[in-house]
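Whatever order the structure lists them in is the order used to number ligands and atoms, beginning at 1.
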Amino acid sequence: METKVCIIGGGPSGLLLSQLLHLKGIDNVVLEKHSRDHVLARIRAGVLEHGFARLMREAECGERMDREGEIHEGFFIADAGRLNRIDLQGLSGNSVLVYGQTELTRDLYEARDRMRGVVIHNAQDVQPHDLDTERPYVTYRDRDEAMRVDCEFVIGADGFHGVSRKSIPKSVLREAEKVYPFGWLGVLSHTRPVSPELVYARHPRGFALCSLRSQTLSRYYIQVPLTDSVEDWSDDAFWSELKRRLPEEVAARLVTGPSIEKSIAPLRSFVAEPMRHGRLFLAGDAAHIVPPTGARGLNSAASDIHYLYHAMLAHYERGDSSGLDGYSAKALARVWKAQRFSWWMTTLLHTFPDSPAYDQRLQQTELEYLLSSEKAMGSLAENYVGLPF
Ligand code: APR
Ligand code: PHB
């Protein structure tokens, strides 16, 4: 098989880039390790920066997102029993769109189908080759048949556990990581959300988050020790712990119900540099991971895709490869700003039981300063709605 761009990974990053390139007549193929059902069964965050939403519309995939997504002009920080609203619209002039990533990925797949895009599922043992030549290629196995994709560029959109980042020589690759001493226990339930806007709760017992997917589908999280397992948490235990971490007025409104999904995710910050090696370009979780506190994961992938899309366009339409040559530095500049913001929000809102008393007081002071300063909240708001691409 021959194509211009071989995209490894059929998650949001790979599908969005595939759609954008195809709309401009740039031939591409997506190789996805798993089935479509497997990909769509993943439960992921649901807050989209306005830049991501704009990119989805540019990719002609934004119609259901705009119809079913909820515009959120603010969110709450709960602390010491009080709710403090962060007025995103008033502070930054922008809002965010709450729309589940699973639905967004479904929209991307359906758009690929409409355009007869080539998305190959169950591609096993995907392996890029000759990345330091002008004719790289990617091999994979379709059941027992060995397959090969000859191409001009390879996009590594295969997530944190993918093969692409590992294809960059260890002598070239630099990785920076920070692991947090806790995880998030998340529950999805067919219940009315407790609040029309998200509630990020700081509490001595641990962080909690009240989010939603729709007016009938709620998403809640509580900070738990890394030693906990899902089996340790019955639904009743989860709901009563969540209530203890919320202000009374919020806890009193909480509608509980059976969990339809329950899982524990560890929190990690991670960046791999460079995001380009020869004809290989990394995008999304393949290159960087953030703790979910700031809802930056998918949104960081969006700017990678935006830069790659315009760089590929310039290369193929005008023979201008400056975008490709500058991709890694440009993408990393914004990636690290998202890393900073995610680290800051995580450090601000979670309990760190083993940290020294000085650090605990510093955390309290950071929050008091934030809530007392229009300028500090403005900085939070501009990061949360999304810094410019
Ligand atoms: N070969 C082919 N496909 C692979 C391989 C491989 N060796 N390894 C992983 N994949 C696929 C995965 O099955 C997944 O569908 O690559 C895709 C990567 O998708 P994501 O992990 O979702 O990463 P990305 O598309 O960058 O999206 C980033 O989505 O998953 C969330 O938390 C993540 O919010 C972040 C955003
Ligand atoms: C979610 O709805 O899953 C969600 C929302 C905001 C976050 C993290 C997760 O910061």
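Between I8 and ligand 1, no pair of N/O atoms sits closer than 3.5 Å. In terms of polar-atom proximity, S211 is counted as a contact of ligand 2, with an N or O under 3.5 Å from an N or O of the ligand. Backbone and side-chain nitrogen or oxygen atoms of H34 are examined, and none is located within less than 3.5 angstrom of a nitrogen or oxygen of ligand 1. Taking any N or O of R42, backbone or side chain, at least one lies under 3.5 Å from an N or O belonging to ligand 1.
Heavy-atom proximity to atom 29 (O) of ligand 1, evaluated over H161, Q101, R44, is greatest for Q101. Proximity annotation for atom 13 (O) of ligand 1: of K33, H288, R36, E32, E32 comes nearest, heavy atoms only. For the residues V290, I305, D285, T105, the heavy atom positioned nearest atom 28 (C) of ligand 1 is part of D285. In the candidate list P12, G11, G10, P12 is nearest to atom 27 (O) of ligand 1, counting heavy atoms. In this comparison of R213, R44, Q101, the heavy atom closest to atom 1 (C) of ligand 2 sits on R213.
The protein heavy-atom contact nearest to atom 18 (C) of ligand 1 is A157 O, 3.4 Å. When only non-hydrogen protein atoms are considered, atom 8 (C) of ligand 2 lies nearest to P292 O, 3.2 Å. Given atom 25 (O) of ligand 1, the protein heavy atom at minimum distance is S13 N, 3.0 Å. In this structure, the protein non-hydrogen atom closest to atom 6 (C) of ligand 2 is Y200 OH, 3.4 Å. From the protein, the heavy atom lying nearest to atom 21 (O) of ligand 1 is G159 CA, 3.8 Å. Atom 9 (C) of ligand 1 has as its closest protein heavy atom D158 O, 3.1 Å. The protein heavy atom nearest to atom 3 (O) of ligand 2 is Y221 OH, 2.6 Å.
Linking Ile, Leu, Val, Met, Phe, Trp and Tyr whenever their side-chain heavy atoms come within less than 4.5 Å puts W344 and F352 in one cluster.
Annotation: R340, atom CZ; neighbour count of heavy atoms from other residues, nucleotides and ligands within 6.0 Å is above 12. Heavy-atom neighbours of E248 CD from other residues, nucleotides or ligands within 6.0 Å: at or below the threshold of 12.
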How far apart are the C-alpha atoms of H72 and V96, what are their side-chain angles, what is the distance that settles it, and do they pass the side chain to side chain contact (heavy atoms under 4.5 Å, CB included) test?
CA-CA 5 Å; H72 282 215; V96 292; 3.9 Å; yes
Candidate pair T351 and F182, rule side chain to side chain contact (heavy atoms under 4.5 Å, CB included), full reasoning:
CA-CA 9 Å; T351 52; F182 41 74; 6.0 Å; no
Tell me, with the steps shown, if L313 and I26 meet side chain to side chain contact (heavy atoms under 4.5 Å, CB included).
CA-CA 8 Å; L313 224 46; I26 298 174; 3.9 Å; yes
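Within the 4.0 Å heavy-atom shell around ligand 1 one does not find A123.
Ion pairing between D285 and R44 fails under the 4.0 Å rule for side-chain N and carboxylate O.
Counting the atoms of ligand 1 from 1 in the order shown, those under 4.0 Å from a heavy atom of V126 are 1 (N), 2 (C). Set against the non-hydrogen atoms of V163, the atoms of ligand 1 under 4.0 Å away are 7 (N). Numbered from 1 in the order shown, with element, the atoms of ligand 1 that lie under 4.0 Å from a heavy atom of G162 read 8 (N).
Formation of a donor-acceptor pair under 3.5 Å by the D158 side chain with backbone atoms of V163 is found in this model.
Remark: R165 is positioned above the aromatic ring of F160, its terminal NZ or CZ atom under 6.0 angstrom from the ring centre and at most 45 degrees off the axis.
For the pair R85 and E197, the minimum side-chain heavy-atom distance is below 4.5 Å. At a threshold of 4.5 Å between non-hydrogen side-chain atoms, the residues C151 and M1 do not count as touching.
Taking the six-membered ring where the residue is Trp, the centroids of Y384 and F75 are separated by under 6.0 Å.
Counting heavy atoms under 4.0 Å from ligand 2, residue V98 does not touch it at all.
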